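All values reported here derive from a predicted model rather than from experimental measurement.
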Amino acid sequence: MGHTIQPRQVYQACCPFPLGPATLFISAYEPGAPVAEAVDANTGAACVVYADDLHATPLTPTGDSRLDGYALIRRHVDNVPPLAAW
């Protein structure tokens with residue numbers, strides 16, 4: 001994991017053609033939990049994502065681009081619209 005996952009963060013898929021949502025908004029997370037509750041930022045659909053798939057950067061420790069998981073793109077989103085508007 002390596003970084004702090006918190007509600008109101010936004011993550012983008014590292015894979016160019018993700019099988020799941022391209023962009024996720026973290027709606028709930030209990031520290032140490034194996035999963036986070038999220039919302040697909042494009043459709044508003046609720047989903048669950050493994051905490052181990054949420055990364056601080058799109059790069060691996062060796063500097064290579066990640067090919068899976070999600071990279072943090074916004075640490076905290078203010079003035080979030082109702083989920084139905086996502």
Side-chain angles (χ1 to χ4, degrees):
M1 205 159 50
H3 78 286
T4 303
I5 300 167
Q6 298 177 336
R8 303 175 72 93
Q9 289 177 328
V10 180
Y11 290 81
Q12 184 171 354
C14 295
C15 174
F17 303 104
L19 298 176
T23 307
L24 293 174
F25 170 78
I26 302 301
S27 56
Y29 178 69
E30 189 71 34
V35 296
E37 294 179 29
V39 175
D40 181 325
N42 297 315
T43 67
C47 59
V48 176
V49 61
Y50 287 111
D52 287 344
D53 287 343
L54 300 174
H55 307 288
T57 72
L59 301 176
T60 67
T62 61
D64 296 322
S65 294
R66 292 187 188 278
L67 300 177
D68 59 5
Y70 292 86
L72 182 66
I73 58 170
R74 301 226 15 221
R75 294 193 186 283
H76 186 82
V77 177
D78 291 323
N79 302 323
V80 178
L83 294 182
W86 278 82

For this session: Verify side chain to side chain contact (heavy atoms under 4.5 Å, CB included) between V39 and S27, making sure each step is shown before the conclusion.
Result: CA-CA 7 Å; V39 175; S27 56; 4.2 Å; yes

Residue pair [X] / [Y]: nearest heavy atoms and the distance that separates them:
X   : Y   : result
C47 : L24 : SG-CD2, 3.5 Å
Y11 : H55 : CE2-O, 3.6 Å
A51 : A33 : CB-O, 3.7 Å
P58 : C14 : CA-SG, 4.4 Å

Exercise. Atom CD1 in I26, atom CD1 in I5: separation rounded to 0.5 Å?
Worked result: 7.0 Å

For this session: Verify side chain to side chain contact (heavy atoms under 4.5 Å, CB included) between V49 and L54, making sure each step is shown before the conclusion.
Result: CA-CA 8 Å; V49 61; L54 300 174; 4.1 Å; yes

For this session: Using side chain to side chain donor-acceptor pair (under 3.5 Å) as the criterion, list what pairs up with Y70, not counting sequence neighbours.
Result: none

For this session: Take R8 and F25, measure what side chain to side chain contact (heavy atoms under 4.5 Å, CB included) needs, and give me the verdict at the end.
Result: CA-CA 6 Å; R8 303 175 72 93; F25 170 78; 4.2 Å; yes

Exercise. Got a donor-acceptor contact below 3.5 angstrom from the Q9 side chain to the I73 backbone?
Worked result: no

Exercise. So, does R66 use its side chain to make a donor-acceptor pair with the main chain of L59 at under 3.5 Å?
Worked result: yes

Problem set entry | side chain to side chain contact (heavy atoms under 4.5 Å, CB included) between D40 and T23, intermediate numbers included | CA-CA 6 Å; D40 181 325; T23 307; 5.9 Å; no

